[in-house]
Q: 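One structure coming up, written as structure tokens, with questions to follow.
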Amino acid sequence: MPTSNTPRSYGSVTKTFHWLTVLLIFTAIPLGIIANKLAYDTSEALEFKAFLFSMHKTVGVTAFFVALGRIIWALSQPKPSGLHPERRAESFLAELVHWLLYGSLLLVPLSGWIHHASTSGFAPILWPFGQNLPMVPKSESLAALTAGLHIVFERVLALSIFLHVAGALKHHFVDKDDTLRRMLPGMTEAGTLHATSKFAPFMTAIVVWIAALGVGSAMGTHNSHSDTAQSVALEEVQSDWHVDSGMLSLEITQFGSQVSGSFEDWTADITYTELESPGSHGTVRAVISIGSLTLGSVTGQALGPDFFDADTHPTAEFYAELMFQADGYTADGTLSIRGTEIPVSMPFDLHIEGETAQMKGRLELDRRDFKIGDNMPDESSLAFKVDVGITLTATRTP
């Protein structure tokens, strides 16, 4: 069998690309569906779920490169003519489905790959080339967008596959022609060379993708963790110091990899008096909206009932005295999460110039103290240590 196509037959390279793509797609799709549906209520369950997601991503990236090679090869080859040129509507639909397939085979894995690179969390791609992509930042908004695109493009791919398979079976069992046989092993020649228009099916495929994106947007597929807890509105505070900007960050270790995130919504009621003598110089009361947490690809898991349980405990609270000693500043008080209150002491740096203060502190917690992740009693999947960091710039209230 020749390697190249002819006007009446497919060569061995095209057939290999075709059936390898079939194998990869029909492996990646079930892996993703099964992984999504699996629970993660134990360390073992989470580890298996992560493994399936890693396999899904790895197969998907492989499918992207195979599809890219397939398209490049197809562009360099003559495409065997259809067997029924007189059926213009059927020929148009077949060409349209081919364009949808080619595009979706690139867009589905590429959108998933960008989503993976723009977020952090478990389930790495199983290859030695790293997990990031050039010019793709870590971004919650980009991750949400590409996750939505991935879903939309998956639906277009699934519809295209259905139509493609249905057409092949129709040709084989109803028309009883050689359309399907030309893609099976062996040499099968059929068809007569005739002119076909590719521009109209190509433009129609673009219209289909645009329409699919519009439907997906209307259905909210691009929204950030729409299936997780909602951030509660926090009351405004009257503070001696107004927080102009700041970040409350969180860092965990899952399966040996660091995952960083932050709480978007929090308030701080600060009283502070500048004194040179040691002792208490003021107080701080901070309230954090748990539902405003973003933590890479594990945001939904972190907000769930086995972890922060944001639906039942929508806020956390930190109250402390701001202490000054010879060796520096500390915030000594209590931290309440999930209804559990423990004493904490957070060292911090403070610099005040005029009416502006800059503060930076870091606190190391043990998740077990707050009964977070009790279903993961060892550190094989989720480390006990949690690093919390805070930076803020505040202006003295007149």
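Note: hydrogens, waters and symmetry copies are ignored here, and every other heavy atom, side chains too, is used.
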Q: Would you say the side-chain atoms of T312 pair up with the backbone N or O of D309, donor to acceptor, closer than 3.5 Å?
A: no
Q: Does F48 CZ have over 12 foreign heavy atoms under 6.0 Å away?
A: no
Q: For E353, is the CD atom crowded, meaning more than 12 foreign heavy atoms sit under 6.0 Å from it?
A: no
Q: Salt bridge check, K49 against D41: does any charged N sit closer than 4.0 Å to a carboxylate O?
A: no
Q: Do F129 and W113 have ring centres separated by under 6.0 Å?
A: no
Q: Can you list the steps and then say if S345 with D332 is a side chain to side chain donor-acceptor pair (under 3.5 Å)?
A: CA-CA 4 Å; S345 179; D332 297 336; 2.5 Å; yes
Q: So, the side chain of R182 versus the backbone of Y10: is there a donor-acceptor pair under 3.5 Å, distance only?
A: no
Q: If you measure from the Lys or Arg side-chain nitrogens to the Asp or Glu carboxylate oxygens, is any gap between R396 and E274 under 4.0 Å?
A: yes
Q: Could you walk me through whether H172 and D178 satisfy the side chain to side chain donor-acceptor pair (under 3.5 Å) test, starting with their C-alpha distance in whole Å, then the side-chain angles of each, then the deciding distance to 0.1 Å, before giving a yes or no?
A: CA-CA 7 Å; H172 192 72; D178 290 324; over 6 Å; no
Q: Show your reasoning for whether side-chain contact (heavy atoms from CB on, under 4.5 Å) applies to L163 and L159.
A: CA-CA 6 Å; L163 292 174; L159 176 62; 4.2 Å; yes
Q: Give a yes or no on this: more than 12 heavy atoms of other residues, nucleotides or ligands lie within 6.0 Å of atom CE of M55.
A: no
Q: Hey, is CE on M247 packed in by over 12 heavy atoms from elsewhere, all under 6.0 Å?
A: no
Q: Between the side chain of T58 and the main-chain N/O of I125, is any donor-acceptor distance below 3.5 Å?
A: no
Q: With no hydrogens and no angle check, is any side-chain donor or acceptor of S336 less than 3.5 Å from a backbone partner on G339?
A: no
Q: Could you please spell out the steps behind the side chain to side chain donor-acceptor pair (under 3.5 Å) verdict for Q258 and T253?
A: CA-CA 4 Å; Q258 291 184 336; T253 302; 4.9 Å; no
Q: The test is side-chain contact (heavy atoms from CB on, under 4.5 Å); show your working for R8 and S81 and say whether it passes.
A: CA-CA 6 Å; R8 303 184 70 240; S81 301; over 6 Å; no
Q: Does any N or O in the side chain of S280 come within less than 3.5 Å of the main-chain N or O of E321, such that one atom is a donor and the other an acceptor?
A: no
Q: For the residue pair S104 / S160, report whether a side-chain donor-acceptor contact shorter than 3.5 Å exists.
A: no
Q: When you look at I290 and F263, which way does the side-chain contact (heavy atoms from CB on, under 4.5 Å) test go after all the steps?
A: CA-CA 7 Å; I290 296 298; F263 294 93; 4.0 Å; yes
Q: Treating K57 as the side-chain partner and A123 as the backbone partner, does any N or O pair qualify as donor plus acceptor under 3.5 Å?
A: yes
Q: Is it true that, when you exclude F348 itself, more than 12 heavy atoms of the residues, nucleotides or ligands shown sit nearer than 6.0 Å to its CZ?
A: yes
Q: Taking CZ in R87 as the centre, count heavy atoms belonging to other residues, nucleotides or ligands within less than 6.0 Å. Is the count above 12?
A: yes
Q: With a 3.5 Å distance limit and no angle check, can you tell me whether S292 reaches the backbone of S289 through a side-chain donor-acceptor pair?
A: yes
Q: With a sphere of 6.0 Å drawn around CZ of R362, does it hold more than 12 non-hydrogen atoms of other residues, nucleotides or ligands?
A: yes
Q: Decide yes or no for E189 and S9: does some side-chain heavy atom of the first lie under 4.5 Å from some side-chain heavy atom of the second?
A: yes
Q: Mind running side chain to side chain donor-acceptor pair (under 3.5 Å) on H116 and Q131 for me, showing each step along the way?
A: CA-CA 8 Å; H116 173 82; Q131 306 300 315; 2.7 Å; yes
Q: Is a donor from one side chain sitting under 3.5 angstrom from an acceptor on the other, for S260 and E251?
A: yes
Q: Mind running salt bridge (charged side-chain N to carboxylate O under 4.0 Å, His left out) on E95 and K79 for me, showing each step along the way?
A: CA-CA 11 Å; E95 194 68 28; K79 182 178 180 180; 3.1 Å; yes
Q: Taking C-beta and beyond as the side chain, do K198 and W99 meet within less than 4.5 Å on heavy atoms?
A: yes
Q: Is any side-chain heavy atom of S249 closer than 4.5 Å to one of I390?
A: no
Q: Do other residues, nucleotides or ligands put more than 12 heavy atoms under 6.0 Å from the NE2 atom of H313?
A: yes
Q: Check for a donor-acceptor pair, side chain of H281 on one end and backbone N or O of Y272 on the other, with a separation under 3.5 Å.
A: no
Q: Start with the C-alpha gap between T334 and I342, add the side-chain angles, then the distance that decides, and say whether side-chain contact (heavy atoms from CB on, under 4.5 Å) holds.
A: CA-CA 5 Å; T334 58; I342 66 167; over 6 Å; no
Q: Check whether any side-chain N or O of T119 sits under 3.5 Å from a backbone N or O of S297 as a donor-acceptor pair, and report yes or no.
A: yes
Q: Can a side-chain donor-acceptor contact be found between N5 and T14 if the only test is distance below 3.5 angstrom?
A: yes
Q: Does either side chain, that of T395 or that of D244, offer a donor lying less than 3.5 Å from an acceptor on the other one?
A: yes
Q: Could you walk me through whether E90 and K170 pass the salt bridge (charged side-chain N to carboxylate O under 4.0 Å, His left out) check?
A: CA-CA 11 Å; E90 183 179 294; K170 183 256 186 188; 2.8 Å; yes
Q: Whether the side chain of S239 engages the backbone of W241 through a donor-acceptor N/O pair (distance < 3.5 Å, no angle test) should be reported.
A: yes
Q: How are the rings of H164 and H18 set relative to one another: parallel (under 30°), tilted (30 to 60°) or perpendicular (over 60°)?
A: tilted
Q: Report yes if some heavy atom in the side chain of V388 is under 4.5 Å from a heavy atom in the side chain of L248; otherwise report no.
A: yes
Q: Take D374 and R368 through the salt bridge (charged side-chain N to carboxylate O under 4.0 Å, His left out) test and state the conclusion after the steps.
A: CA-CA 7 Å; D374 277 353; R368 296 171 297 179; over 6 Å; no
